[in-house]
Amino acid sequence: MQKITPFLWFDGKAQEAAEFYTAIFKNSSINGVNPMVTTFQLNGLHFSALNGGPMYKFSNAISLFVTCNSKEEIDYLWKNLSDDGTVLMDLGSYPWNENYGWTTDKYGLSWQLFFGDKEQEIAPSLLFVNEQFGNAEAAINLYTSLFDASKIISMSRYGDTSPEFKDNILHAEFQLEHQTFKAMESHANHDFHFNEAFSFVINCEDQKEVDFYWSKLTQDGGKESQCAWLKDKFGVSWQVVPKLLTALLNDKDREKADRVMNAMLQMKKIDCQKLQDAYDGK
């Protein structure tokens with residue numbers, strides 16, 4: 001199982017969005033559909049999409065960064081993703097890349113397309129702005145310290161091009177559990193920030209892992225929320241979920257599954273023993 005799963009919040013259009021994305025990205029498929037959650041994968045990266053209602057809207061603080069080694073492929077993706085969306089930076093040549101574009105799609109999800117030297121790769125990209133400007137390196141250091149098989153691949157700074165911000169992160173690439181992530185910082189004023197519309201599910205083996213990630217991500221200013229959700233001190237949303245919860249909620253005995261759901265709704269951090277007790281009717 002993928003250790004960290006991007007979790008996307010839609011207003012009633014989770015399945016529709018998943019069908020749209022899997023139709024335009026290669027090697028993609030829908031893995032499961034129910035009234036609440038649609039699971040799908042885009043070229044090997046697994047996602048969950050929630051019909052969560054109008055409470056949260058996607059922001060440009062987290063986008064999906066797509067690297068392709070074919071300009072034809074980028075043109076095709078751009079045409080589909082920008083149609084009925086909002087173009088933030090036109091697809092074209094820039095000092096840092098000969099074929100780059102940034103757009104939101106018709107569902108509000110943010111995408112960056114980049115011409116590179118690798119087969120198509122999709123990676124979440126975190127943009128640290130406003131009160132979080134200057135925190136990208138600290139966030140990367142925290143995340144890579146928590147997850148196994150993690151490393152910083154590259155980290156470029158503004159340097160002499162912007163002496164006032166020379167030590168800030170222009171672009172960074174890192175891996176968590178072999179999964180690729182990007183990070184950037186912008187000192188301009190922006191009207192967006194990290195929010196719950198784009199969160200990351202940590203798929204935990206047991207209570208020990210749940211306790212570990214919950215403790216580390218809520219410390220030093222992180223905030224607990226309900227039903228396995230939290231925000232770390234940088235404002236990024238995570239869900240710390242034991243495999244047991246997923247298994248019990250998917251049980252064919254709906255009465256037992258409903259008891260587990262009701263128990264989970266009373267929790268912040270997930271307690272595996274209480275879930276099991278609810279399942280067993282204790």
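- Residues Q207 and Q273 have side chains that never bring a donor and an acceptor to within less than 3.5 angstrom of each other.
- Taking T144 as the reference, I140, S150, I152, F174, L176 meet the side-chain contact (heavy atoms from CB on, under 4.5 Å) condition, with sequence neighbours excluded.
- A donor-acceptor pair under 3.5 Å is formed between the side chain of S59 and the backbone N or O of A61.
- S186 is linked by a side chain to side chain donor-acceptor pair (under 3.5 Å) to H190, counting only residues two or more places apart in sequence or in another chain.
- Remark: side-chain polar atoms of T104 are not paired, donor with acceptor, to backbone N or O of L109 under 3.5 angstrom.
- In the hydrophobic cluster analysis, where Ile, Leu, Val, Met, Phe, Trp and Tyr join through side-chain heavy atoms closer than 4.5 angstrom, L245 is grouped together with V201.
- Using modelled atom types, one finds a donor on one side chain and an acceptor on the other under 3.5 Å when comparing S63 with Q112.
- Here the shortest heavy-atom pairing between P6 and Q2 reads CD-NE2, 3.7 Å.
- Residues I270 and V240 have side chains not in contact (no heavy-atom distance under 4.5 Å, counting atoms from C-beta outward).
- By the side-chain contact (heavy atoms from CB on, under 4.5 Å) test, S215 pairs with no residue at all, sequence neighbours left out.
- Proximity of a side-chain donor or acceptor of T39 to a complementary backbone N or O of G32 within less than 3.5 Å is detected.
- Under a hydrophobic clustering in which Ile, Leu, Val, Met, Phe, Trp and Tyr are joined whenever their side-chain heavy atoms come within less than 4.5 Å, directly or via other members, W214 and V236 fall into the same cluster.
- Annotation: K57, atom NZ; neighbour count of heavy atoms from other residues, nucleotides and ligands within 6.0 Å is above 12.
- Tested against F58 for a ring pair (Phe, Tyr, Trp, His ring centres under 6.0 Å), the candidates W9, Y107, F10 yield a single pass: F10.
- Applying the side chain to side chain donor-acceptor pair (under 3.5 Å) test to T180 and every residue at least two apart in sequence or in another chain returns E121.
- Within 6.0 Å of atom NE2 in H193, 12 or fewer heavy atoms from other residues, nucleotides or ligands are found, so the atom counts as exposed in its surroundings.
- When side chains are defined from C-beta on, L265 counts as touching C227, because their heavy atoms get closer than 4.5 Å.
- For E185, the side-chain contact (heavy atoms from CB on, under 4.5 Å) criterion is met by F128, F133, A136, N168, I169, not counting sequence neighbours.
- Heavy-atom minimum distance, F165 versus Y158: O-CB, 3.2 Å.
- Here the closest non-hydrogen pair linking F115 and S70 is CE1-N, 3.8 Å.
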Intermediate values then yes/no, side-chain contact (heavy atoms from CB on, under 4.5 Å), L275 and M267: CA-CA 10 Å; L275 293 181; M267 299 178 187; 3.7 Å; yes
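- Residues meeting the side chain to side chain donor-acceptor pair (under 3.5 Å) test with D271, sequence neighbours left out: none.
- Few gaps surround NZ on K118; more than 12 heavy atoms of other groups in view lie less than 6.0 Å from it.
- Screening residues 195-207 for salt bridge (Lys or Arg N to Asp or Glu O under 4.0 Å) gives E196-K231, E205-K243 as the qualifying pairs, with residues at least two apart or on separate chains.
- No chain of hydrophobic side-chain contacts below 4.5 Å, direct or via other Ile, Leu, Val, Met, Phe, Trp or Tyr residues, connects V210 to L248.
- Atom CG of D160 has 12 or fewer heavy atoms from other residues, nucleotides or ligands within 6.0 Å.
- Closest of all the heavy-atom pairs between L45 and Q179 is CD1-NE2, 4.3 Å.
- Counting only residues at least two apart or in different chains, side chain to side chain donor-acceptor pair (under 3.5 Å) contacts with residues 124-143 comprise Q132-N135, E137-R157, Y143-D232.
- Taking 4.0 Å as the cut-off between side-chain N and carboxylate O, E209 and K216 do not count as a salt-bridged pair.
- Proximity of I74 to C68: side-chain heavy atoms (C-beta onward) are separated by under 4.5 Å at one or more points.
- Between the side chains of T218 and E224, no donor-acceptor pair of N or O atoms lies under 3.5 Å.
- Note on Y213: it does not cluster hydrophobically with F7, by side-chain heavy-atom contacts below 4.5 Å among ILVMFWY residues.
- At most 12 non-hydrogen atoms from other residues, nucleotides or ligands lie less than 6.0 angstrom from NZ of K13.
- More than 12 heavy atoms of other residues, nucleotides or ligands sit less than 6.0 Å from atom NZ of K3.
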Evaluation steps, side-chain hydrogen bond (donor to acceptor under 3.5 Å, both in side chains), between S199 and Q239: CA-CA 7 Å; S199 62; Q239 298 178 58; 3.1 Å; yes
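- Of the possible donor and acceptor atoms, one in the side chain of S145 sits under 3.5 Å from a partner among the backbone N and O of L142.
- Under a hydrophobic-cluster definition in which Ile, Leu, Val, Met, Phe, Trp and Tyr are linked whenever side-chain heavy atoms come within less than 4.5 Å, directly or via other members, I202 and L249 are assigned to different clusters.
- Taking each heavy atom of I62 and S110 in turn, the nearest pair found is O-CB, 3.9 Å.
- Side-chain polar atoms of N27 and N43 form a donor-acceptor pair below 3.5 angstrom.
- Nearest heavy-atom pair, M36 versus N34, reported as atom, atom and distance to 0.1 Å: N-OD1, 2.8 Å.
- The aromatic ring centres of Y21 and F47 sit 6.0 Å or more apart.
- A donor-acceptor contact shorter than 3.5 Å links the side chain of N51 to the backbone of A14.
- Among residues two or more places apart in sequence or in another chain, the side-chain contact (heavy atoms from CB on, under 4.5 Å) test is passed with I24 by F20, Y76, L77, N80, L81.
- Under the 3.5 Å distance criterion, with hydrogens and angles disregarded, no donor-acceptor pair is assigned to the side chains of T103 and D105.
- Note: W238 and F198 fail the aromatic proximity criterion, with ring centroids not under 6.0 Å apart.
- With sequence neighbours excluded, the residues forming a side chain to side chain donor-acceptor pair (under 3.5 Å) with K26 are E119, listed by chain and number.
- Remark: the T5 side chain and the N203 side chain contain an N/O donor-acceptor pair separated by less than 3.5 Å.
- Residue W96 shares its hydrophobic cluster (ILVMFWY side chains chained together at separations under 4.5 Å) with F65, L88, M89, Y94, Y100, W102, F114, L127, V129, M184, F192.
- Distance check: H178 NE2 to D148 CG gives 8.5 Å after rounding to the nearest 0.5 Å.
- Pairs of residues two or more places apart, or lying in two chains, that qualify as side chain to side chain donor-acceptor pair (under 3.5 Å) and include a residue from residues 244-258 are D251-Y279.
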